[in-house]
Amino acid sequence: ENCHMTSAIERVLRLKDNTEVSLSPQQITFAALSSLLKTFENNRRRMGISPGALNRVVVTYPASLLPEPREQMSETLRQLGIRNVDITFDEAVAPAIFYIEQRFSDAPEIGPEAFKNQCTFLDDTWFHQILIIDIGAGTTDIALVQIEMRETPARFDAANGGRIYVIAPRLLGSTGRQHLGGNLITLSLFRCLKLQLSRWLEQTFGSETAGDHDQTRWQPLADRQSSVTSLDLLKDEPLLREALERAEMILPTRFSEVLATDAESSSERKAQNSARFHALWEIAEILKIEFSRLLRQQHKPTELELESFIRPRLTQLFAGTRFEQFLMDESVQFPSFLRETFEKAANPVIDNIKRLADALTAEAIRRTNQRESARRSTEVNLAVDSIVLSGRSCQLSLFRDAIELLVRQKPQFNANQTEVLYQEQYAKLATAIGALRGQRLVSLAYTDASSKELASGQSSRDLDIRNLFFFLPFFFK
């Protein structure tokens with residue numbers, strides 16, 4: 001809410017030093033990538049690793065990103081001196097490669113044999129369907145990948161029974177949504193916090209809360225919202241907009257357009273609103289993380305005290321307001337934030353992601369079963385066997401609960417056998433590792449099969465990822 005458009009391609013942004021600049025998306029991308037590369041170079045020199053020039057970069061991108069901006073990103077990196085830019089894998093497919101590699105590498109002696117138990121065997125092929133859900137801060141990317149595994153004859157006499165398995169993942173469908181991720185939950189919590197604090201201030205200070213605001217605007221808003229709870233506001237978009245407008249009169253956080261009688265006063269108010277916005281956003285982000293952690297415990301709290309979050313940020317939150325001096329008093333008790341409010345704020349985002357996953361899997365599994373049934377002249381009923389969650393936002397227990405409920409309710413999943421996998425230590429790294437591994441497989445085109453392994457009785461695998469390269473994403477309303 002703190003930037004505004006000047007044209008179809010430029011955006012006015014306010015920097016930390018309170019200055020305004022007009023930048024195009026390409027300029028913003030150039031600055032961000034340039035900063036990232038500088039940070040990488042500084043860390044590399046500090047740690048004394050990987051000497052030499054940086055010539056190759058592997059880039060992942062949102063599944064819904066169109067070809068033109070992908071090419072613009074590649075061109076920007078080339079302008080920054082990167083000669084070889086690989087942009088083969090999106091943020092839904094890359095975690096799938098990581099998962100497949102991990103599945104077969106954890107126990108190389110029995111990997112393929114153990115994997116068979118989680119597959120459907122048709123003719124000479126084992127099938128396993130994986131749903132990848134990658135939820136980042138700003139985007140959600142979803143892919144359904146079918147792993148086909150076949151056993152091939154060894155190219156020499158494997159007296160001790162070593163086998164070669166060809167593993168060929170196939171992309172059955174992909175979708176994604178920009179502006180749907182963890183930041184959207186933080187934004188919803190930000191609004192709830194702003195509403196709750198403004199109402200608490202109003203209850204504490206009464207009529208003084210309105211200050212110098214026009215009573216012809218203030219009073220009708222107050223009358224309409226007097227009997228409405230914060231939870232009810234989340235269900236009514238027009239009333240929510242009104243409530244936020246009224247909260248802005250009490251606790252202003254919008255700093256892109258501030259009206260004042262002189263330039264100096266305007267600049268000061270913008271700086272105060274900017275500091276207030278960032279402090280309140282930081283508290284919302286902390287609330288999201290804390291509730292995510294606490295809701296995984298057996299005894300779930302019904303509320304969180306805001307005292308420890310607000311007290312260190314009093315100056316940023318209330319500077320320039322008529323409440324500043326009063327709230328500095330240590331005896332002031334700030335309100336609590338209810339778990340029910342957190343769930344109401346997070347659930348719309350979670351429900352949208354769940355609907356995307358449901359729509360993609362239902363259509364892709366239906367088409368796959370039709371294709372395989374026609375090929376074999378008998379009915380085939382494949383289902384989603386595994387769900388892999390990637391991205392930090394997947395740590396929300398509410399989201400994992402929603403996915404497990406989806407598995408139990410929908411026929412494209414096997415309610416008794418579909419496993420939901422989430423590895424917190426790889427939540428942020430799975431996409432990058434998968435893309436790097438995929439790029440290496442493409443460039444080297446090697447197989448893990450060796451005569452020594454096979455002769456000793458070990459099974460080996462040949463991972464063929466060519467069927468992950470080309471696709472058109474599904475788009476659902």
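The chain is numbered in sequence order, starting from 1. Worth saying up front: this structure is predicted, and the values here are computed from it rather than measured.
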For [X] versus [Y], what's the shortest heavy-atom pair and its separation?
X: R70; Y: I87; answer: O-CD1, 3.5 Å
X: A383; Y: N414; answer: CB-N, 4.1 Å
X: A92; Y: I132; answer: O-CG2, 3.5 Å
X: G136; Y: S393; answer: O-OG, 3.3 Å
X: L436; Y: V58; answer: CD2-CG2, 3.8 Å
X: L317; Y: L251; answer: O-CD1, 3.8 Å

Would you say [atom1] of [X] has more than 12 non-hydrogen atoms from neighbouring residues, nucleotides or ligands within 6.0 angstrom?
X: R339; atom1: CZ; result: yes
X: R83; atom1: CZ; result: no
X: Q409; atom1: CD; result: yes

Interatomic distance, [X] atom [atom1] to [Y] atom [atom2] [nearest 0.5 angstrom]:
X: R276; Y: K194; atom1: CZ; atom2: NZ; answer: 9.0 Å
X: H278; Y: L280; atom1: NE2; atom2: CG; answer: 11.5 Å
X: Q146; Y: I130; atom1: CD; atom2: CD1; answer: 10.5 Å
X: S64; Y: E91; atom1: OG; atom2: CD; answer: 9.5 Å
X: R392; Y: K288; atom1: CZ; atom2: NZ; answer: 11.0 Å
X: L184; Y: T139; atom1: CG; atom2: OG1; answer: 12.0 Å

For residues [X] and [Y], determine if any side-chain heavy atom of one lies less than 4.5 Å from a side-chain heavy atom of the other.
X: N352; Y: R177; result: no
X: L144; Y: I365; result: yes
X: V349; Y: S188; result: no
X: L244; Y: L240; result: yes
X: L201; Y: L327; result: yes
X: K300; Y: L294; result: no
X: L396; Y: I135; result: no
X: S386; Y: Y99; result: yes

Under the ring-ring contact (aromatic ring centres under 6.0 Å, His included) test, which residues partner [X], sequence neighbours left out?
X: F413; result: none
X: F334; result: W200
X: F326; result: F205
X: F399; result: none

Exercise for the section: Go through Q178 and L65 one step at a time and tell me if the side-chain contact (heavy atoms from CB on, under 4.5 Å) criterion holds. Expected result: CA-CA 8 Å; Q178 298 183 45; L65 193 67; 4.2 Å; yes
Practice task
Taking atom types as modelled, find out whether T361 and K410 have a side-chain donor-acceptor pair closer than 3.5 angstrom.
Solution key: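 Side-chain D/A pair, T361 to K410: absent.
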With no hydrogens and no angle check, is any side-chain donor or acceptor of [X] less than 3.5 Å from a backbone partner on [Y]?
X: T140; Y: L180; value: yes
X: S35; Y: A31; value: no
X: E419; Y: D385; value: no
X: S274; Y: K270; value: no

Handout entry: Any residue meeting side-chain contact (heavy atoms from CB on, under 4.5 Å) with D351, in chain and number order, not counting sequence neighbours
Key = N347, K354, R355
Exercise for the section: Report the residues that fulfil side-chain contact (heavy atoms from CB on, under 4.5 Å) with A362, sequence neighbours left out, ordered by chain and then residue number. Expected result: D358, Q412
All side chain to side chain donor-acceptor pair (under 3.5 Å) counterparts of [X], not counting sequence neighbours:
X: R313; result: E282
X: D86; result: T88
X: R400; result: none
X: E290; result: R293

Practice task
Given side-chain contact (heavy atoms from CB on, under 4.5 Å), test V145 with L171 step by step and report yes or no.
Solution key: CA-CA 5 Å; V145 175; L171 190 64; 3.9 Å; yes
Exercise for the section: Identify the residue among L77, L36, L80 that makes a side-chain contact (heavy atoms from CB on, under 4.5 Å) with V57. Expected result: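 Exactly one candidate clears the test, L77.
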Problem - Reference residue F337; test side-chain contact (heavy atoms from CB on, under 4.5 Å); the match among I283, L189, L197 - result: L189
Problem - Note: R254-E245 ion pair, threshold 4.0 Å (strictly below) - result: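 No, this pair does not count.
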Using a 3.5 Å cut-off and no angle test, enumerate the donor-acceptor pairs between side-chain atoms of residues 424-434 and protein atoms at least two apart in sequence or in another chain.
{"from": "T431", "atom 1": "OG1", "to": "D134", "atom 2": "OD1", "distance (Å)": "3.3"}

Problem - Geometric class of the F342/F291 ring pair [parallel <30°, tilted 30-60°, perpendicular >60°] - result: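 Aromatic pair F291/F342 classed parallel.
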Exercise for the section: Test R367 against E363 for salt bridge (charged side-chain N to carboxylate O under 4.0 Å, His left out), laying out the working first. Expected result: CA-CA 6 Å; R367 290 177 177 271; E363 179 63 15; 2.6 Å; yes
Practice task
Decide side-chain contact (heavy atoms from CB on, under 4.5 Å) for E404 and V407; before the verdict, give the C-alpha distance in whole Å, the side-chain angles of both, and the deciding distance to 0.1 Å.
Solution key: CA-CA 5 Å; E404 289 172 358; V407 168; 5.5 Å; no
Handout entry: Pairs flagged by salt bridge (Lys or Arg N to Asp or Glu O under 4.0 Å) wherever residues 39-55 is involved - sequence neighbours left out
Key =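 Residue pairs with at least one partner in residues 39-55: E41-R44.
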